[in-house]
Amino acid sequence: MLSIRPHADLDHVPFEVDGLSPDRLSSMSLEEIARLPAWLGNRCLTLGECSTLEGDPADEAVHLQGDWSRAAGIASGMTSGSLRVGGSIGPRLGAQMTGGEIVVEGDAGDYLGAEMTGGSLHVHGDAGDQVGGPLPGTKLGMKGGTILIRGNAGDEVGGAMRRGLLAVAGSVGNDLAMDMRAGTVVVGGAIGTDAGLGMKRGTLLLLDPSLTPERFHPMFEEACRYEPSFVEIYRRELAKRAFPLPKPWPTTLIRLVGDQLELRKGEIFIGAT
Amino acid sequence: MKINNTTIVDEFAEAFPMTASRLLVTAADAYWVEVAARESTGYATSVIGCDAEAGIERWLTPEETPDGRCGVSLLFFGFSRDGVQKAVVNRVGQTLMTCPSTACFDGMPAAEKRIEVGGALRYFGDGYQISKLLEGRRYWRVPVMDGEFLCEETLGTSKGVGGGNFLILGRTQRQTLGAARQAVEAIATLPDVICPFPGGVVRSGSKVGSKYKKLRASTNDAYCPTLRATVASALPDDVHAVYEVVIDGLSEEAVVEATRVGVKAACVEGVVAISAGNYGGNLGPVHIALREILAND
């Protein structure tokens with residue numbers, strides 16, 4: 001395993017290292033890794049000048065120690081291996097990743113897992129805005145893989161999501177799953193305004209027991225109350241990944257359908273009291 | 001060789017390779033699970049005249065099923081993967097999708113070779129079907145009048161062995177039928193096997209061919225007690241009823257173990273001998289010799 005700890009003075013400026021992901025580092029020596037260009041603000045240094053490197057990267061396992069909350073684009077495009085972040089990390093973690101596993105013990109920034117197509121991201125703390133969404137200038141969000149957030153997340157979570165599983169144990173901000181194409185979003189806590197607006201297909205499973213059908217945008221209409229079998233499959237998958245599940249987990253669910261101005265094939269499930 | 005007072009005849013069962021698939025079926029409660037199981041495995045005794053051989057492998061607790069409801073594990077056997085696919089798609093479509101509250105899951109998720117089932121039945125949803133892809137497994141949610149029918153897109157298949165069998169030769173019909181039922185109940189506790197005939201028991205054992213050219217199989221006259229004075233009978237004088245237990249399994253080992261357990265369970269009061277059906281070794285490559293598999297018991 002390769003351990004990287006940033007020097008303390010990185011706290012105050014943005015930090016970006018192109019290609020810092022386990023799969024790419026695994027074929028490099030420590031010296032080669034130390035020579036990777038690292039942008040510290042508008043200065044181009046090397047990773048070795050900005051951080052302390054220890055261990056062996058050959059096993060595709062990387063441990064980022066210390067505070068990486070200013071570091072952007074870490075593990076973007078990652079294809080395999082495992083990355084563990086001991087503290088918090090900045091924006092675009094795992095953006096466009098296609099495989100591998102990332103665990104963040106602290107918080108994660110905006111655009112977490114943006115446009116990812118595979119692999120898994122597990123954040124023990126909170127995450128920022130646009131989780132699983134499209135990167136600026138593009139149309140579609142995540143197209144596969146799994147994002148699990150044990151804490152809260154910000155606005156526009158799951159925006160324009162095309163495929164995959166995104167679960168937030170806590171609350172989320174406004175515009176949840178805006179323009180969603182497909183996939184599944186699970187939220188255990190409170191939600192902001194305009195959830196699901198513009199969604200064409202896809203599933204929102206919203207487990208806050210205080211939610212009622214009247215709480216949603218007029219573009220969503222109640223269809224029925226029933227016990228869909230597939231929800232239990234998701235519950236078990238989340239439980240298998242030690243994801244904190246709301247208790248009690250509702251068995252009978254209310255299905256709302258929308259956005260009525262789109263295909264009317266998007267669905268929001270809330271618990272039936 | 002004797003077990004209790006029953007003679008184990010020096011014969012072997014002649015079995016043959018098949019293709020198998022396992023379905024896990026769940027429903028709202030045990031009543032509808034049983035309805036689904038019986039309907040979907042009905043008329044599936046022998047590929048001589050049915051599209052598949054099928055049966056209940058075992059009942060499942062809610063903890064053992066993918067959707068946390070009570071369920072059942074079913075095995076389907078056919079001569080080819082295409083044949084199994086056709087039979088399973090038809091049966092799932094006509095007997096499980098129609099059955100209230102059911103869902104259908106893959107019982108061989110690790111299998112490389114697969115048949116498309118939910119992927120074929122999804123069109124019943126007329127464009128309103130929804131797929132969910134989780135951990136590499138795609139589930140189809142087909143809207144139906146009690147909610148939705150959930151069915152996995154593909155089911156795994158594996159090689160199997162069909163035609164394992166043994167014959168229970170008894171003094172009376174009542175005693176012989178009791179022994180056969182005990183044998184089937186003992187086999188029912190084992191994994192990877194089914195007994196596809198009614199209640200697991202066959203009374204119309206067959207031989208290959210017939211005096212009638214159209215028939216591929218006809219009654220096993222040598223084991224019919226009513227024909228003892230008519231044909232070259234294989235029955236001892238004190239035998240007046242014979243039942244056959246046919247076993248299909250996911251491996252030769254599973255069929256051998258089921259035969260061993262079943263034969264032992266059938267060696268009870270009133271059972272004169274246990275034999276096995278074969279065709280001289282010319283039909284199937286899997287030969288299960290009764291005395292050999294019971295030698296260590």
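By convention in this document, chain letters (A, B, ...) are assigned in the order of the sequence lines, proteins followed by strands, and residues within each chain are numbered from 1.
Listed by chain and residue number, nothing satisfies the salt bridge (Lys or Arg N to Asp or Glu O under 4.0 Å) test with A/E115 (two or more places apart in sequence, or in another chain). Scanning for side-chain hydrogen bond (donor to acceptor under 3.5 Å, both in side chains) contacts around A/S80 gives A/E60, with sequence neighbours left out.
Atom-to-atom distance recorded for A/R201:CZ and B/S131:OG is 9.5 Å, nearest 0.5 angstrom.
For B/R69, the part lying under 4.5 angstrom from a heavy atom of chain A is the side chain only. Proximity to chain A (any heavy atom under 4.5 Å) is restricted, for B/P62, to the backbone atoms N, CA, C and O. Heavy atoms of A/S120 lying under 4.5 Å from chain B are absent altogether.
The number of heavy atoms from other shown groups lying within 6.0 Å of NZ (A/K200) is above 12. At most 12 non-hydrogen atoms from other residues, nucleotides or ligands lie less than 6.0 angstrom from OH of B/Y123. Environment of CZ in B/R137: crowded, with over 12 heavy atoms of neighbouring residues, nucleotides or ligands closer than 6.0 Å. Other residues, nucleotides and ligands place no more than 12 heavy atoms under 6.0 Å from the CD1 atom of B/I48. Other residues, nucleotides and ligands place more than 12 heavy atoms under 6.0 Å from the CD atom of B/E135. Annotation for B/E185: atom CD counts as buried by contact number, over 12 foreign heavy atoms lying within 6.0 Å. Around atom CZ of B/R203, no more than 12 heavy atoms belonging to other residues, nucleotides or ligands sit under 6.0 Å away.
Taking 4.0 Å as the cut-off between side-chain N and carboxylate O, B/R141 and A/E267 count as a salt-bridged pair.
Residues from residues 215-235 of chain A that place a non-hydrogen atom less than 4.5 Å from a non-hydrogen atom of chain B comprise A/Y226, A/P228, A/S229, A/F230, A/E232, A/I233, A/Y234, given in numerical order. Proximity to chain B at a heavy-atom threshold of 4.5 Å picks out A/G183, A/T184 from residues 177-196 of chain A, in numerical order.
No other option in A/R255, A/R241, A/R264 has as many heavy-atom pairs under 4.5 Å with chain B as A/R241. Here B/L134 is the residue among B/L134, B/L133, B/L150 with the most heavy-atom pairs under 4.5 Å with chain A.
Distance alone, capped at 3.5 Å, is enough to place a donor-acceptor pair between the A/K265 side chain and the B/G127 backbone.
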